[in-house]
S.K.: 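I have a structure here, written as structure tokens, and I will follow up with some questions on it.
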Amino acid sequence: MQIEQCDLIVVGGGIGGSAAALRAAQYNLKQVWILGDRSTAKASRGKYVYNIDNMLGIHPGLLLPKILKLLNHPKHEEARRTLETAEFRIGTADIIQNAIERIRKDYAEKTAMVEEKAIKAKKEGDCFVVTTSKGRSLRARNLVLATGCMDRQPRIMKTTKRGKVLDEIHWLYPYANHESLLYCIRCEGHLTQETRTAVIGAGESTAQVALSLHERYATNVALLTNGEELQAKDETKKLLGLYGISVCSGRIVELLDGGGKPKGRRLRGFVLEDGRRVEVRFGMIVMGLFKVYNDLARQLGAALESGEGLSDDVRHVLVAERTSETDVRGLFCVGDMSRTTGSSPSMKQIYTAQEYAVRAIDAIDGRRRSAARKALLAS
């Protein structure tokens, strides 16, 4: 396919982008899918939401019985034992890779995939022009952005073996990558059922997550503010006390590893600067947004959500609920970067990202077919 001639450009290699690209391919739309590069992959919050078994149908228990049923011959006994004891997990990366493989297999003639970062966007007449990190210039009448957002991470004031104090966030990464550190109460809260879990943050939303974990899952919660003063309502603070949820204000200086390989797979707890050890099975980070990747939408003049004291780089892009379209015609934003102009809740879930991506493609396809009908009737 000549990528200079297409119906739409999809920017984003996460759940929203893959859902949009797959549906567009199934609708026989000619598209360019800009998946991003290594830098954009590392900046995605989807990288750290590892487990998505809260979605119906996305669970290893759905397929494993079918596989075991096929292996019903005595010669398969060893394979059956291996499968029954293996750990199967389906994460965002698996869903995205499956979409890529399906498009490559069945829709390669309609879809061009570009593993580069989209860095600039402008509108020329009825077309959007997107420039990539390698200087490629792509043009289409419709543009779907699914560039996501990133959470704030707690800085850990850790002393290295050589005695140097490094106040950084990268100490978290091994545990975040192996689901010992959690980020989404809806996606991952159920994992904390009757465990000891630390909730990290210092705002009202942090305290509310701590309360919810205790109420829903009988989780034994400790709230770690990591050196900040807890900013919560008096009623919320009272509930924390009534539930026996301790609030620890000291800086975190060490993450306790639970052993096993690779290191960082299992969290055992935290050490605070006063020497206190808070032993836990999980940590859940609730510190608010670090950044909404709305740069391209801002370059195109799309409206952002209002909010006193918010800088533009943490504002969601406003979209119509029915179509996911911004106030710039032909520009659609889906997933974590967007928020509807109506009263619907924010779309920070995998299933809502997929749904709003499909709404965008439906709108694009509907306009294309409507224009074709009018042209046919006028001929």
Side-chain angles (χ1 to χ4, degrees), residues 45 48-54 151-157 169 171-172 175-176 179-258 266-290 307-310 314 336 339 343-349 352:
R45 82 192 308 238
Y48 307 107
V49 181
Y50 186 76
N51 188 296
I52 54 174
D53 64 4
N54 65 323
D151 301 279
R152 281 182 59 209
Q153 309 285 347
R155 302 179 73 88
I156 308 301
M157 192 172 59
I169 66 173
W171 310 111
L172 304 169
Y175 301 94
E179 204 178 46
S180 281
L181 288 176
L182 312 176
Y183 290 84
C184 177
I185 187 171
R186 287 182 176 174
C187 299
E188 304 165 310
H190 61 284
L191 300 175
T192 71
Q193 179 88 28
E194 296 182 351
T195 67
R196 173 72 166 164
T197 296
V199 178
I200 303 171
E204 173 69 21
S205 59
T206 311
Q208 288 296 331
V209 166
L211 295 174
S212 296
L213 289 177
H214 175 84
E215 292 164 342
R216 287 178 183 168
Y217 308 113
T219 306
N220 183 356
V221 182
L223 198 158
L224 309 184
T225 68
N226 198 30
E228 298 183 36
E229 182 180 350
L230 179 62
Q231 302 293 326
K233 298 175 183 177
D234 290 340
E235 179 183 279
T236 303
K237 291 180 179 179
K238 183 176 180 180
L239 282 169
L240 291 172
L242 290 171
Y243 284 154
I245 297 174
S246 59
V247 179
C248 307
S249 59
R251 286 292 307 276
I252 300 171
V253 297
E254 184 72 51
L255 285 84
L256 299 173
D257 192 79
R266 185 178 176 89
L267 181 68
R268 187 162 57 89
F270 301 90
V271 179
L272 307 184
E273 59 186 336
D274 61 2
R276 180 175 177 179
R277 296 164 67 94
V278 181
E279 298 204 359
V280 297
R281 172 61 186 90
F282 296 103
M284 179 164 282
I285 296 172
V286 189
M287 298 181 63
L289 284 175
F290 167 68
E308 187 176 347
L310 292 179
V314 295
D336 292 343
R339 181 160 290 168
S343 58
S344 296
S346 61
M347 300 172 282
K348 295 182 180 179
Q349 297 297 307
T352 48

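Throughout, residue positions are numbered sequentially from 1 according to the sequence presented.
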S.K.: Checking D151 side chain against M287 main chain: does a donor-acceptor pair fall under 3.5 Å?
M.R.: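 It does not hold such a pair.
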S.K.: Any side-chain hydrogen bond (donor to acceptor under 3.5 Å, both in side chains) involving residues 231-241? Give me the pairs, sequence neighbours left out, ordered by first then second residue.
M.R.: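 Qualifying pairs: E204-T236, Q208-T236.
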S.K.: Not counting sequence neighbours, which residues clear ring-ring contact (aromatic ring centres under 6.0 Å, His included) with Y243? List them please.
M.R.: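 With neighbours one apart ignored, the set is H214.
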S.K.: Sort and list the pairs that fulfil ring-ring contact (aromatic ring centres under 6.0 Å, His included) and have at least one residue in residues 217-238, not counting sequence neighbours.
M.R.: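 Matches after skipping sequence neighbours: none remain.
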S.K.: CG/D336 to OG1/T352 distance, rounded to the nearest 0.5 angstrom?
M.R.: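 The CG atom of D336 sits 7.5 Å away from the OG1 atom of T352.
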S.K.: Within the side chain of R152, is there an N or O that forms a donor-acceptor pair under 3.5 Å with the backbone of L289?
M.R.: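 No, the answer is negative, given that no donor and acceptor are paired below the 3.5 Å cut-off.
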S.K.: Heavy atoms only: give me the nearest L224-A198 pair and the separation to one decimal.
M.R.: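 Nearest heavy atoms, L224 then A198: CD1-CB, 3.8 Å.
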S.K.: For T195, which residues count as a side-chain contact (heavy atoms from CB on, under 4.5 Å) partner, sequence neighbours excluded?
M.R.: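 Here the qualifying residues are T192, T197, T219, R281, F282.
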S.K.: Check L223 against G201 and note the closest heavy-atom contact, atom names and distance.
M.R.: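 Minimum heavy-atom contact is CD2-O, 3.5 Å.
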S.K.: Yes or no on side-chain contact (heavy atoms from CB on, under 4.5 Å) for F270 and L255, after CA distance, side-chain angles and deciding distance?
M.R.: CA-CA 5 Å; F270 301 90; L255 285 84; 4.1 Å; yes
S.K.: How far apart are the closest heavy atoms of A210 and L240, and which atoms are they?
M.R.: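 Answer, listing the atom of A210 first, then L240: CB-CD2, 4.3 Å.
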S.K.: Between CZ of R268 and CG of D257, what distance do you get to the nearest 0.5 Å?
M.R.: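 Going from CZ on R268 over to CG on D257, the span is 8.0 Å.
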S.K.: Quick check: does any side chain N or O of S180 sit under 3.5 Å from a backbone N or O of L267, one acting as donor and the other as acceptor?
M.R.: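 A pair under 3.5 Å: yes.
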S.K.: Nearest heavy-atom pair of S212 and I185: which atoms, and what distance?
M.R.: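 Residues S212 and I185, closest heavy atoms: CB-CD1, 3.7 Å.
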S.K.: Are I245 and V199 side-chain neighbours, meaning at least one heavy-atom pair lies under 4.5 Å?
M.R.: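 Of all side-chain heavy-atom pairs linking V199 with I245, none is under 4.5 Å.
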S.K.: Looking only at heavy atoms, which two atoms of P154 and I169 are closest? And how far apart?
M.R.: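 In this case the closest contact between P154 and I169 is O-CG2, 3.6 Å.
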S.K.: For Y183 and Q153, run side-chain contact (heavy atoms from CB on, under 4.5 Å): C-alpha distance rounded to whole Å, both residues' side-chain angles, the deciding distance at 0.1 Å, then the answer.
M.R.: CA-CA 10 Å; Y183 290 84; Q153 309 285 347; 2.8 Å; yes
S.K.: Do T206 and I200 make a side-chain contact, defined as non-hydrogen atoms from C-beta onward lying under 4.5 Å apart?
M.R.: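 No, their side chains stay 4.5 Å or more apart.
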S.K.: Looking at residues at least two apart in the chain, or sitting in another chain, which of them share a side-chain hydrogen bond (donor to acceptor under 3.5 Å, both in side chains) with R196?
M.R.: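 Counting only residues at least two positions away or on another chain, R196 forms a side-chain hydrogen bond (donor to acceptor under 3.5 Å, both in side chains) with N220.
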S.K.: Quick check for you: to the nearest 0.5 Å, what is the distance between I252 atom CD1 and L172 atom CG?
M.R.: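 So the CD1 of I252 and the CG of L172 are separated by 8.0 Å.
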S.K.: Under 3.5 Å, which donor-acceptor pairs do the side chains of residues 272-280 form with other protein atoms, sequence neighbours left out?
M.R.:
{"residue": "E273", "atom": "OE2", "partner": "R251", "partner atom": "N", "Å": "3.0"}
{"residue": "D274", "atom": "OD1", "partner": "R276", "partner atom": "N", "Å": "3.0"}

